[in-house]
Amino acid sequence: MSKLDLSQFEKKVEVRNLKKEDIDSILKLQDICFPNMDPWKREHLESHLEHFPEGQIVVEVEGEIIGSSSSLIVNFDEYDDKHTWDDITDEGYITNHDPEGYNLYGIEVMVHPEYRGMKIGRRLYEARKELVQQWNLKSMIIGGRIPNYHKYEDKMSPREYVQEVMNHNIYDPVLTFQIMNGFTVMRINPNYLPDDKASRKYATLMEWNNVDYRPTTKRYFKTSYPVRITAIQYMMKDIDTFEEFSRQVEYYVDVASDFGSDFAVFPEIFTTQLMSVIDEKIPSKSVRKLSEYTEDYIELFTELAVKYNVNIIGGSHFVEEEDQMYNIAYLFRRDGTIEKQYKIHVTPNERKWWGIQPGDTVKVFDTDCGKIAIQICYDIQFPELTRYAVDQGANIIFCPFCTDERQGYLRVRYCAQARAVENQVYTVVAGTVGNLTQVENMDIQYAQSGIFTPSDFEFARDGIVGECHPNIETVVVGDVDLEVLRRQRKSGTVRQLRDRRKDLFEINYKNISTEVVPND
């Protein structure tokens, strides 16, 4: 007898994380497993991969995906006892995934009917349990269907049915399986999954506890997470030297530091004050000479951020790169690191006088006070940029601006407040006042800097944390609370982020790079 080729008998089974190229297979699998229920949409699965790729697991046999499970992390204590599947999953998009939560919540498991009996479901649950242990979570919670209940609804209540299954007097393909896998029933939720007719919309809320869970001081329930902001209404006046500019800048950083601020925010292109030092009257030439101060500007603000222990939004500055001029806002973190955001939308005035070119990268920055974004003046008037930034986790949008008269200022202000409301995010505007009598196109300024909130009971009555008096040299200092913002996004009077009709519309960015910048 010849030696057997064992490879011909092998049937390779692989448990791995979902990949984007698997989405079509998952959609087909769901149609097979749940033909009478509303299926996932592609955007649901893409959102799962965006928010919690580790929690999306598939089982592959000989290159074919025959099983999958989806989950997210939540702090379960924050949800109502009678929550629904839509509540706990943000209607299937899991944008409420909380990496700092305590509980893994399983939202779907499916196995191809031809492969049932191979313990594929058990493999998926074991992978979930490993995930709970790896992330040091307290437990895994699931809302389980009871698909055989419709056969018994005339004879017993859902509670009685569940008890009979637990006593092994009735077999239920889902509940029996979960009990055998170590889950205990917490309660029964009505109207959990509206399209689950077999379960008559009921679900058993079940929990598997992680006996290896180790409480950590890192993760705790916050009652408040205040962030203090100083928005600087900067006076534009003629100066004679860079040192004079430096003293004026340091004065304001010192003020912000004295107030214990986490952020100090300067206005857009306030460095054009240095044009009063430059002996050049032609705007297109003077702006290139201004760019020669870029290294001095960066060194100054880096030193001040570290010295005064405050994160600085350094307004914006005209910078020459590869023979092109850009309007760039810099973030100077108090740990000494630096990031930059190019102005995306350039005004007709900037093109005409200075030849400014637009950037093409939308960034969200990690800081020691959470994620933030910077949108320079005109950019705040384009709602798609804020929507993207908030979807990437931004809690505060900083808007340095420079406007010459009241109508221009009101465009910035009204749009900043609109962005705060429609995206449930804090916005901050900081502008220039005064005048530069000898500088072409920078001769007059109008501003009223402010800090704005969403509009709901948790926030100030008018959605205004604080604002400066218009057209005087001053600052406004205010606290924004990131924990209040987080809770309001989940349970506010209205929830614009969660209630978006993603089935009707979405934003597609074309030929634009988007980036989240970590604070390493």
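- A salt bridge links E339 and R333; the closest N-O separation between the charged side-chain nitrogens and carboxylate oxygens is under 4.0 Å.
- There is a side-chain donor-acceptor pair under 3.5 Å between D335 and T337.
- Scanning for salt bridge (Lys or Arg N to Asp or Glu O under 4.0 Å) contacts around R200 gives E153, with sequence neighbours left out.
- At a cut-off of 3.5 Å, with distance as the only test, no side-chain donor of S139 or N209 sits close to an acceptor on the other residue.
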Pairs under 3.5 angstrom only: tabulate donor-acceptor contacts from the side chains of residues 254-267 to other protein residues two or more places apart or in another chain.
residue : atom : partner : partner atom : Å
S257    : OG   : Y308    : O            : 3.0
S261    : OG   : T230    : OG1          : 2.6
S261    : OG   : A256    : O            : 3.0
D262    : OD1  : R334    : NH2          : 2.9
D262    : OD2  : R228    : N            : 2.8

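- Aromatic ring centres of H83 and Y105: separated by under 6.0 Å.
- Within the structure, salt bridge (Lys or Arg N to Asp or Glu O under 4.0 Å) pairs that include any residue of residues 83-93 comprise D90-R498 (at least two apart or interchain).
- For F382, the CZ atom sits in a packed shell: over 12 heavy atoms of surrounding residues, nucleotides or ligands are nearer than 6.0 Å.
- Heavy atoms of other residues, nucleotides or ligands lying less than 6.0 angstrom from NZ of K201 number 12 at most.
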(request) Apply salt bridge (Lys or Arg N to Asp or Glu O under 4.0 Å) to R487 and E458, showing your working. (result) CA-CA 9 Å; R487 294 201 299 265; E458 296 92 334; over 6 Å; no
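- For the residue pair I380 and C415, the shortest heavy atom distance occurs at O-CB, 3.6 Å.
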(request) Please assess N327 against E268 for the test side-chain hydrogen bond (donor to acceptor under 3.5 Å, both in side chains), listing each intermediate value before the final yes or no. (result) CA-CA 9 Å; N327 188 350; E268 180 190 24; 2.9 Å; yes
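- Within the structure, every pair that satisfies the salt bridge (Lys or Arg N to Asp or Glu O under 4.0 Å) test and touches residues 412-430, not counting sequence neighbours, is listed here: R413-E467, R419-E422.
- In this structure, the separation between CG on D391 and OH on Y388 is 9.0 Å, given to the nearest 0.5 Å.
- R486 and E483 are joined by a salt bridge, as a carboxylate oxygen and a charged side-chain nitrogen come within less than 4.0 angstrom of each other.
- Between Y125 and F183, the ring centre distance stays below 6.0 Å.
- Every side-chain contact (heavy atoms from CB on, under 4.5 Å) that A305 has, sequence neighbours left out, goes to I312, F332.
- With sequence neighbours excluded, no residue satisfies side-chain hydrogen bond (donor to acceptor under 3.5 Å, both in side chains) with E43.
- Atom NZ of K371 and atom CG of N395 lie 8.5 Å apart (nearest 0.5 Å).
- One distance of note links CG of L131 with CD of Q56; it measures 9.5 Å at 0.5 Å rounding.
- Side-chain atoms of N181 and Q178 form no donor-acceptor pair, as typed in the model, at a separation below 3.5 Å.
- Proximity of a side-chain donor or acceptor of T403 to a complementary backbone N or O of G408 within less than 3.5 Å is not detected.
- Checked against a 6.0 Å centroid threshold, the rings of Y93 and H44 count as neighbours.
- In this structure, the salt bridge (Lys or Arg N to Asp or Glu O under 4.0 Å) partners of R187, at least two apart in sequence or on a different chain, are D81.
- In this view, D196 and R145 satisfy the salt bridge (Lys or Arg N to Asp or Glu O under 4.0 Å) rule, not counting sequence neighbours.
- Residues passing the side-chain hydrogen bond (donor to acceptor under 3.5 Å, both in side chains) test with D98: none are found, sequence neighbours excluded.
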(request) Would you please test Q375 and T386 for side-chain hydrogen bond (donor to acceptor under 3.5 Å, both in side chains) and show each step? (result) CA-CA 8 Å; Q375 294 175 8; T386 304; 2.9 Å; yes
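- Defined by atom type and a distance below 3.5 Å, a donor-acceptor pair is missing between the side-chain atoms of N103 and N75.
- Residues E108 and W40 have side chains that bring a donor and an acceptor to within less than 3.5 angstrom of each other.
- By the side-chain hydrogen bond (donor to acceptor under 3.5 Å, both in side chains) test, Y342 is found to be paired with E321, K340, residues two or more places apart in sequence or in another chain being considered.
- Listed by chain and number, the residues in a side-chain hydrogen bond (donor to acceptor under 3.5 Å, both in side chains) with D456 are Q488, T493 (sequence neighbours excluded).
- Identified under the salt bridge (Lys or Arg N to Asp or Glu O under 4.0 Å) test for residues 20-33, with sequence neighbours left out: R16-D22, D24-R42.
- Using cut-offs of 30° and 60° on the angle between ring planes, the pair F401 and Y409 is tilted.
- With rounding to the nearest 0.5 Å, the separation of CD1 in I146 from CG in N148 is 9.5 Å.
- A donor-acceptor pair shorter than 3.5 Å can be found between the side chains of T347 and E350.
- For an aromatic pair to be called close, the ring centres must be under 6.0 Å apart, and Y102 with W135 fails this.
- Here the shortest heavy-atom pairing between G466 and V476 reads C-CG2, 3.4 Å.
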